[in-house]
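All residue numbers refer to positions in the sequence shown, counting from 1.
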Amino acid sequence: MNGRRAIAALLLDETPLTRESLSAGLSLRDPTLHMRTAGSLGEAKAMLAAGTPPAVVLCNVVSLTPPNGSVLATLRNVAGAFGGTPLVVLSDGEEADLPLEASRLGVRGCLPTSVGLAVAQEALRLVAGGGTFFPSPFLHRLMQRCEAAADDPPAPPGGAALTARQRGVLQRLREGKSNRVIAQELGISENTAKVHVRGILRALGASNRAEAVRKAWQPAEPATPGSFSQDRGRDRGQDRD
């Protein structure tokens with residue numbers, strides 16, 4: 001096709017319909033894009049070990065994530081599985097943290113499922129040739145996240161175990177802000193904000209938001225039974241926001 005060089009690509013997707021449809025569509029559109037497919041991470045690793053590595057790997061991380069599992073945890077696992085082979089991940093836009101985490105892990109592209117085959121084809125070629133592909137809406141979101149991360153406060157006395165993002169969420173909990181407001185300020189989804197709140201509670205061994213704030217900034221101060229009971233009642237309504 002117009003002198004285009006052949007490119008070997010591997011599609012990793014556990015869902016048969018999307019795996020076969022995407023592979024067939026890309027191959028029909030560009031016969032010089034030689035698609036191979038794998039239905040599991042183990043199968044993909046075996047294929048790479050048995051032959052010449054592809055020029056690029058396209059992975060549907062959502063399909064690899066078990067029910068109630070973390071897409072970001074799956075992404076971290078996948079990102080370290082292919083060595084130096086360029087990786088592009090599919091994203092349906094539901095996981096707002098995926099593009100930022102992908103860039104941190106050295107993933108070379110983030111391909112939204114809202115694009116067509118023509119864009120997907122060119123994205124794979126671009127990454128296989130040494131480039132990166134992050135569409136403008138993703139880049140805008142990345143910039144928002146990076147700007148928000150720069151404003152994250154230092155760890156409070158009792159919050160050494162928290163990540164920078166969790167510290168930012170905790171600071172906003174201290175200010176009495178709801179999950180909805182926190183999500184808007186940090187440029188993340190409300191569901192992601194809730195996940196961060198749950199992670200903070202686990203890390204601090206707290207039962208509710210007010211107790212988490214108290215433990216983070218006053219770790220040596222024991223909670224009285226009365227104040228604990230009052231906080232629980234007040235936070236039940238907040239956690240639903």
Exercise: identify the closest heavy-atom pair between [X] and [Y]:
| X | Y | answer |
| --- | --- | --- |
| G168 | R172 | O-NH1, 2.8 Å |
| A38 | M47 | CB-SD, 3.9 Å |
| S40 | L12 | O-CD1, 3.2 Å |
| C110 | V88 | N-CG1, 4.3 Å |
| V56 | V127 | CG2-CG1, 3.9 Å |
| S27 | M35 | OG-CG, 3.3 Å |

Does any part of the side chain of [Y], heavy atoms only, come nearer than 4.5 Å to the side chain of [X], both counted from C-beta?
| X | Y | result |
| --- | --- | --- |
| D30 | R125 | yes |
| V107 | L75 | yes |
| L201 | N208 | no |
| L90 | V62 | no |
| L117 | L28 | no |
| P16 | R19 | yes |
| I7 | Q121 | no |
| H196 | T192 | yes |

Legend entry - Ion pair E101/R104, N-O distance below 4.0 Å: yes
Test item: [X] side-chain N/O and [Y] main-chain N/O as donor-acceptor pair under 3.5 Å:
| X | Y | answer |
| --- | --- | --- |
| E211 | S207 | yes |
| K45 | A81 | no |
| R36 | A8 | no |
| R108 | G130 | yes |

Gap between atom [atom2] of [Y] and atom [atom1] of [X] - 0.5 Å precision:
| X | Y | atom1 | atom2 | result |
| --- | --- | --- | --- | --- |
| E14 | E43 | CD | CD | 10.0 Å |
| T85 | L10 | OG1 | CG | 9.0 Å |
| N179 | Q184 | CG | CD | 11.0 Å |

Legend entry - Partner of L22 by side-chain contact (heavy atoms from CB on, under 4.5 Å), out of L58, D13, T113: L58
Inset, instruction - Find out if a path of hydrophobic residues (ILVMFWY) with successive side-chain heavy-atom gaps under 4.5 Å connects L41 to L87. - result: yes
